[in-house]
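Hydrogens, waters and symmetry mates play no part in the numbers below; they use all other heavy atoms, side chains included.
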Amino acid sequence: MMAERRLPKVGVGVIIRRDRKVLIGQRLNAHGHESWSFPGGHLEYGESFEDCAKRETREETGLEINLVGSTYVTNDNFEIEGKHYVTVFVVGDWIGGEAKVKEPDKMHRWQWIGWDKLPQPMFLPLQHLVESGYSPFDDGN
């Protein structure tokens, strides 16, 4: 009998910019519990990265954003959880409204923070993004 073939999942992280800050939240589930991450989630079958980013942002924060593009991809092996993700980060600019915790079973709180002041511990995809030297403000915005 062949061993079960495990494949990575695809996650989309949404980097929302506002006044030279980004929106970040503290997770409340077993996958990355208490770490800090962007809004985001699983890419659904047939869904574009951009549609996923807009959907996840609405579901998790209630915010509407203006997307400015896909930016960076990380390869994330969560050894303790036995999970493997490829994470596509998409950048969006805040249009208006205030971020609300719309999924209190998954997220403790949201806050706007400077890129150089990101809190610890970071969710693994965010940690990999930061370690790469990427900045969502390198395009002058």
Side-chain angles (χ1 to χ4, degrees), residues 2-141:
M2 292 180 62
E4 178 185 344
R5 184 174 175 191
R6 298 178 63 198
L7 299 172
K9 295 182 179 179
V10 178
V12 173
V14 190
I15 305 169
I16 304 172
R17 306 183 301 188
R18 173 185 178 186
D19 301 326
R20 305 277 310 158
K21 294 182 178 180
V22 293
L23 184 67
I24 192 167
Q26 191 172 31
R27 299 172 64 89
L28 276 181
N29 54 28
H31 187 58
H33 182 70
E34 293 188 356
S35 65
W36 292 86
S37 70
F38 298 125
H42 293 103
L43 182 70
E44 294 182 357
Y45 185 84
E47 188 175 43
S48 71
F49 299 135
E50 294 78 14
D51 287 345
C52 179
K54 288 179 182 177
R55 175 181 55 77
E56 290 288 352
T57 298
R58 270 192 311 274
E59 288 174 2
E60 294 182 6
T61 71
L63 294 177
E64 295 294 328
I65 57 174
N66 178 34
L67 294 176
V68 295
S70 298
T71 61
Y72 199 84
V73 176
T74 59
N75 186 20
D76 310 303
N77 287 299
F78 295 85
E79 293 182 19
I80 293 171
E81 295 94 340
K83 297 182 180 192
H84 181 187
Y85 280 83
V86 172
T87 306
V88 177
F89 290 93
V90 178
V91 174
D93 288 330
W94 170 80
I95 295 174
E98 291 303 320
K100 296 178 176 59
V101 175
K102 307 273 287 176
E103 297 177 327
D105 58 320
K106 295 180 182 177
M107 194 65 65
H108 175 64
R109 60 185 164 152
W110 293 111
Q111 70 183 61
W112 296 98
I113 194 156
W115 187 253
D116 59 343
K117 294 180 172 57
L118 295 174
Q120 296 287 340
M122 290 183 210
F123 191 49
L124 187 60
L126 175 56
Q127 179 182 327
H128 286 159
L129 184 68
V130 169
E131 288 171 355
S132 77
Y134 171 82
S135 169
F137 300 104
D138 284 347
D139 64 358
N141 289 319

Revision key, fill the gap. Contacts of Glu98 meeting salt bridge (charged side-chain N to carboxylate O under 4.0 Å, His left out) (sequence neighbours excluded), chain-then-number -> Arg18
**Study point:** Leu129/Thr87 under side-chain contact (heavy atoms from CB on, under 4.5 Å): CA gap, chis, key distance, verdict
**Key:** CA-CA 10 Å; Leu129 184 68; Thr87 306; over 6 Å; no
Checking [X] now: which residues fulfil side-chain contact (heavy atoms from CB on, under 4.5 Å) with it, not counting sequence neighbours?
X     : result
Asn77 : His84
Arg55 : Glu44, Glu47, Cys52, Arg58, Glu59
Glu50 : Ser48, Leu67, Ser70

Heavy-atom check, side chain of [X] versus side chain of [Y], under 4.5 Å:
X     : Y      : answer
Ser35 : Arg27  : yes
Ile24 : Leu126 : yes
Ile16 : Phe38  : no
Lys9  : His42  : yes
Tyr85 : Pro125 : no

Review point. With no hydrogens and no angle check, is any side-chain donor or acceptor of Thr57 less than 3.5 Å from a backbone partner on Lys54?
Key: no
Show the atom names and distances, to 0.1 Å, of all donor-acceptor pairs under 3.5 Å that link a side chain in residues 106-122 to residues at least two apart or in another chain.
{"from": "Trp110", "atom 1": "NE1", "to": "Glu60", "atom 2": "O", "distance (Å)": "3.3"}
{"from": "Trp110", "atom 1": "NE1", "to": "Lys100", "atom 2": "O", "distance (Å)": "3.4"}
{"from": "Trp115", "atom 1": "NE1", "to": "Tyr134", "atom 2": "O", "distance (Å)": "3.3"}

Review point. Quick one: CG on Asn75 to NE2 on His128, what's the gap to the nearest 0.5 Å?
Key: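 The CG atom of Asn75 sits 8.0 Å away from the NE2 atom of His128.
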Review point. Considering residues, nucleotides and ligands other than Glu131, do more than 12 of their heavy atoms fall under 6.0 Å from its CD?
Key: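 Yes, enclosed.
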Check your understanding: For Phe89, what residues pass the ring-ring contact (aromatic ring centres under 6.0 Å, His included) criterion, not counting sequence neighbours?
Key -> none
